[in-house]
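Following: one structure in structure tokens, then a few remarks.
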Protein chains: 2
Amino acid sequence: MTKEEILIIDDEPQIRKLLEINLESNGYKVTQASDASMGIKLAASHPPDLILLDIGLPDKNGLEVLKELRAWFNHSIIILSVMDDEESIVQGLDNGASDYVTKPFRANELLARIRSCLNRNKTVDHHTALKFDNIQIDLIARTVKNNYEIIKLTTTEYKLLILFAQNQGRVLTHQYILKEIWGVGYQNDTQYLRVFVGTLRKKIELNPNKPTHIITESGVGYRFN
Amino acid sequence: MTKEEILIIDDEPQIRKLLEINLESNGYKVTQASDASMGIKLAASHPPDLILLDIGLPDKNGLEVLKELRAWFNHSIIILSVMDDEESIVQGLDNGASDYVTKPFRANELLARIRSCLNRNKTVDHHTALKFDNIQIDLIARTVKNNYEIIKLTTTEYKLLILFAQNQGRVLTHQYILKEIWGVGYQNDTQYLRVFVGTLRKKIELNPNKPTHIITESGVGYRFN
DNA sequence: GTCAATTCTATAAAGATTTTATAATGAATC
DNA sequence: GATTCATTATAAAATCTTTATAGAATTGAC
């Protein structure tokens, strides 16, 4: 399995270092930002699986940063803060933080809370094998079979298929798919998506001209069956 | 909307009372159990949306209760505990607790953490589905079924249907519909509307010549049933 | 009430526009 | 050096707009 990525946004170098050592020794990949604007940029260009957000940053109000991130970032955000008052905690949680941990924090507790957050969205992954008629997806092995024969998918094709498979039956808009696969900033590059849906169809559809799995919803997006 | 249900499992009557008052005044429905076996039974017979679990129960080890619940209970479980040591917290979280709050707790913080937990699964659970005889509308999936078969609607047709469905029984004037779907400036293009009501009827009416869903109110507009 | 004139409505179909699929080419990555 | 991705071009398909026409409903004079 590929390492889970955690983005640390904190202005104190010692804290970042401490977190980095702790997280890396627990098998996470770590990226860092020393202020809000850099953090937001990093998160947008390369979305991590979880963000550790110091709420007391020098360049921007912490709650604003949280709101800004929450406008598009769906994974967990854990707030780190020296503020222990009830009001701050309530505000943080009500604005979309997944958890609120006060500094100084206890390393193992923080790690447990990180694990808890990362596990939340994993229930879907637990069915390690997804099946849709002729195609079978093994999430652990990262293999896809079409009629019991393993087919080769590129990284992007695979991500796309997983996204479809995990949202079976729902219409996913172009924008949403582009955001999930290519990242924020690519929402208008619908053409990318078309090209990749095309190649995916060639690989998983029995008759790519008459797709039964990836249904186009004209003017909106695609739906997976 | 129907009230969300919270189950309190705690052996101290004062705590239960305090929680009950707090939760009910915040719009939750509360059920209570004073020991583990009663709590598990209650949760099984009538699953709540969230469980507040005291980890120090007299009749059973707290972690055991948690594991037992987690074997089948997928909603959130928040642990309440007097134990503030790191080891207990880590154990609680790693065994599936959604959060761990130490006693004495601060009421508003607990409420915020409850809100946070309840919000987590909301997008997934609440499949907003509208139903009118033969037709079913799933607003999240953006799909429409006629007699359990998905039918294809264009963007405009879909918008129109949603507008109708959300104003069931009311007469909507041509002008109003045109403004809502096509925008200001199209209020006089009644012909657009006629064409689209026509195609919609073909797709959702059992007998498009004798429409039962989209009723024309001559000289005024349409009404949806 | 009846009947014709008028207005309103339904539907088909052609034209315009938007959206989609696909191939192909150069750039980037490994 | 091969694979994968980004980007452009273009043809095909889907959707929307618009026009034409026939049928239904409404109105008002008798």
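Letters go in sequence order (proteins before strands), and every chain restarts at 1.
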Using atom types as modelled and distance alone, determine if a side-chain donor or acceptor of Gln187(B) lies under 3.5 Å from a backbone N or O of Tyr176(B).
no
Under 3.5 Å donor-acceptor, Asp189(A) side chain and Gln191(A) backbone:
no
Which residues within residues 176-190 of chain A lie with some heavy atom under 4.0 Å of an atom in DNA chain D?
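Close to the strand are Trp182(A).
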Taking the six-membered ring for Trp, are His75(A) and Phe73(A) ring centroids under 6.0 Å apart?
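Between His75(A) and Phe73(A), the centre distance is under 6.0 Å.
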Step through it carefully: locate the ring centre of Phe164(B), locate the ring centre of His213(B), and say whether they are under 6.0 Å apart.
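No, the ring of Phe164(B) stays outside the 6.0 Å limit from the ring of His213(B), centre to centre.
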Residue-phosphate contact under 4.0 Å: [X] side-chain N/O, [N] OP1/OP2:
{"X": "Thr156(B)", "N": "dC16(D)", "answer": "yes"}
{"X": "Thr154(A)", "N": "dC5(D)", "answer": "yes"}
{"X": "Thr155(A)", "N": "dC5(D)", "answer": "yes"}

What is the nucleic acid contact for Glu157(B), judged by heavy atoms within less than 4.0 Å: base, sugar-phosphate only, or nothing?
nothing
Between Tyr158(B) and Arg142(B), is there a cation-pi geometry (under 6.0 Å to ring centre, at most 45° from the normal)?
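Yes, Arg142(B) sits over the ring of Tyr158(B).
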Check the distance between dT4(D)'s P and Leu160(A)'s CG and give it to me in whole angstrom.
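Distance check: Leu160(A) CG to dT4(D) P gives 15 Å.
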Return a single string for nucleotides 21-30 of chain C, one symbol per nucleotide in 5' to 3' order, where B is base contact, S is sugar-phosphate-only contact and - is none, cutoff 4.0 angstrom on heavy atoms.
BBB-------
